[in-house]
Structure formats: C-alpha cells, structure tokens
Amino acid sequence: MSFRDSVYKVVSGIPEGKVLTYKEVAEKAGSPKAYRAVGNILNKNYNPSVPCHRVIRSDGKIGGYNRGEENKVAILRKENAII
DNA sequence: GAGCTGACATGTT
DNA sequence: CAACATGCCAGCT
C-alpha cells in the first residue's frame with residue numbers, strides 16, 4: 001500500500017458534485033504535506049476509474065488534466081461541482 | 001540507486 | 001493587490 005494507492009482510493013471515493021483540493025486529498029491519503037506528490041501521481045494516472053477531474057487547486061483553479069483542462073472544467077460544470 | 005520532475009501551497013518582495 | 005521565490009513530497013527516468 002503505497003501513498004499512490006491511498007490517493008487513488010481517496011479520489012475514487014469522491015462523490016459526484018464534490019470537489020476536493022490537492023491538499024485535502026493528500027491529507028486524507030495520510031500526508032497533508034504531500035499535495036505535491038498528489039499532483040504528480042494524478043498526472044501519471046490514466047485510470048478512468050479515478051475521477052482525478054474532481055481534484056482542484058486550493059485557489060479554486062483547475063490546475064490541469066490529462067485530457068485537457070477545458071474538458072475537466074466541462075465535466076465539473078456538468079456535475080454542478082464548481083463555477 | 002540517485003537525481004529530476006511536477007496537475008501545489010505558503011510566505012515575501 | 002500581483003508576481004517571485006522557497007519548501008515540500010512521492011513518483012518517474
């Protein structure tokens with residue numbers, strides 16, 4: 001069970017319409033100061049089972065997405081999560 | 001095995 | 001108020 005797995009689990013547990021910040025995910029994963037690693041992990045994560053699009057920055061910004069930030073925003077807006 | 005990279009956050013300038 | 005610089009962690013090359 002690596003930190004990566006914890007992050008996957010946490011992100012996979014995010015319900016629709018809910019968005020968590022990288023810091024929150026890192027905290028739930030067990031390392032509040034590992035928000036850096038969270039971004040790095042999600043970045044390499046191409047697993048569709050992990051709704052990485054529900055993880056945003058603390059500033060409320062999108063951050064990034066493997067399939068394009070615009071797509072990420074579109075999904076979040078569809079789920080009535082942000083904006 | 002060591003070093004580099006990054007979808008960040010916080011503090012100063 | 002906005003931009004720059006620093007610090008932090010885990011994963012990847």
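Letters go in sequence order (proteins before strands), and every chain restarts at 1.
With a 4.5 Å cut-off on side-chain heavy atoms, A:Asn45 and A:Tyr8 count as touching. Annotation: side chain of A:Ile14 is in contact with side chain of A:Val55 (closest heavy-atom distance under 4.5 Å). Residues A:Lys44 and A:Arg4 form no side-chain contact, since every pair of their non-hydrogen atoms from C-beta on lies 4.5 Å or further apart.
Atom CG of A:Asn66 and atom P of B:dG6 are 14 Å apart (whole Å). Between A:Asp59 atom CG and B:dG11 atom P the separation is 13 Å, expressed in whole Å.
Between A:Arg57 and B:dA9 there is a side-chain N or O to OP1 or OP2 distance below 4.0 Å.
Ion pairing between a basic and an acidic side chain is recognised when a charged N comes within 4.0 Å of a carboxylate O; A:Asp59 and A:Arg57 show such pairing. Electrostatic pairing of A:Lys18 and A:Glu79 does not count as a salt bridge here, judged by no charged N lying under 4.0 Å from a carboxylate O.
Judged by distance alone with a 3.5 Å cut-off, no donor-acceptor contact links the side chain of A:Tyr65 to the base of B:dA7.
Taking CG from A:Asn66 and OH from A:Tyr46, the interatomic distance works out to 4.5 Å, rounded to the nearest 0.5 Å.
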Where along nucleotides 7-13 of chain C does protein come under 4.0 Å, by heavy atom, of base (B) or sugar-phosphate alone (S), with - for untouched nucleotides? BBBBBS-
